[in-house]
Amino acid sequence: SWPALMAEACRFRDAREWSQFHTPKNLAAAIAIEAAELQERFLWKTDKQIDREVQAGPKRDAVVEEIADILLFALLLADRLEIDVGTAITTKLAANELKYPVALARGNASKYTEFRGP
């Protein structure tokens with residue numbers, strides 16, 4: 001659960017006294033850097049190559065590690081900003097339900113601003 005993961009991430013951080021370094025700016029930068037490292041794992045590869053590589057083995061492990069880093073820093077940023085992650089996600093999904101109605105969005109990769117209603 002999100003609360004348990006948040007508590008574990010904070011426990012890890014606090015045991016090392018790293019909270020002093022976890023400013024919003026630094027945590028946002030860490031998220032971006034880790035996201036770039038995830039992108040690097042896929043750079044210059046076709047979708048088929050990526051699909052094969054993430055099935056098992058060390059390349060999958062590296063991708064899993066990058067995703068974990070991104071999520072951990074996001075949790076720590078949410079903690080620092082006192083954001084309830086569960087509420088943030090459900091609120092965002094509700095907003096996306098309105099922006100991307102199924103009738104217009106199904107099978108369509110366009111941004112919601114490109115949708116035209118009836």
How long is the span from the OH atom in Tyr100 to the CG atom in Leu93, to the nearest 0.5 Å? 12.5 Å

Locate the shortest heavy-atom distance separating Leu77 from Pro24; write the atom from each residue and the value. CD1-CA, 3.7 Å

Could you tell me the separation between the CD1 atom of Ile50 and the CZ atom of Arg41, rounded to the nearest 0.5 Å? 12.5 Å

Tell me if the CD atom of Glu97 is crowded by more than 12 foreign heavy atoms within 6.0 Å. no

Answer with yes or no whether the hydrophobic clustering places Val85 together with Leu71; edges join I, L, V, M, F, W, Y residues whose side-chain heavy atoms lie under 4.5 Å apart. no

Kindly give the heavy-atom pair with the smallest separation between Leu75 and Met6, and that separation in Å. O-SD, 3.1 Å

Identify whether Tyr112 and Leu98 are in the same connected component of the hydrophobic contact network (ILVMFWY, side-chain heavy atoms under 4.5 Å). no

Thr46 OG1 to Asp51 CG distance, which is reported to the nearest 0.5 Å: 8.0 Å

Would you say that more than 12 heavy atoms from the other residues, nucleotides or ligands in this model lie under 6.0 Å from the CD of Gln20, or not? yes

Cluster question for you: counting only ILVMFWY and a side-chain heavy-atom cut-off of under 4.5 Å, with indirect links fine, are Leu5 and Phe12 together? no

Is it true that Trp18 and Leu72 fall in one hydrophobic cluster, defined by side-chain heavy atoms closer than 4.5 Å? no

Common cluster, Ile67/Ile31, ILVMFWY with side-chain heavy-atom separation under 4.5 Å: yes

Run the numbers on Lys45 and Glu53 for side-chain contact (heavy atoms from CB on, under 4.5 Å), then give the verdict. CA-CA 10 Å; Lys45 297 176 181 170; Glu53 289 180 2; 2.9 Å; yes

Which heavy-atom pair separates Phe42 from Val54 by the least distance, and what is that distance? CE2-CG1, 4.1 Å

Can you measure from CG (Asp14) to NE2 (His22) and round to the nearest 0.5 angstrom? 9.5 Å

Which pair of non-hydrogen atoms, one from Thr87 and one from Asp84, has the smallest distance, and what is that distance? N-OD1, 2.7 Å

For the atom pair CZ (Arg80) and OG1 (Thr23), what is the distance rounded to the nearest 0.5 Å? 7.0 Å

Which residues satisfy the salt bridge (Lys or Arg N to Asp or Glu O under 4.0 Å) test with Arg16, sequence neighbours excluded? none

Does the distance from a Lys or Arg side-chain N to an Asp or Glu carboxylate O, for Glu114 and Lys111, drop under 4.0 Å? no

Donor-acceptor under 3.5 Å (Asp69 side chain, Glu34 main chain): no

With rounding to the nearest 0.5 angstrom, report the CG to CG distance, Leu38 to Leu43. 11.5 Å

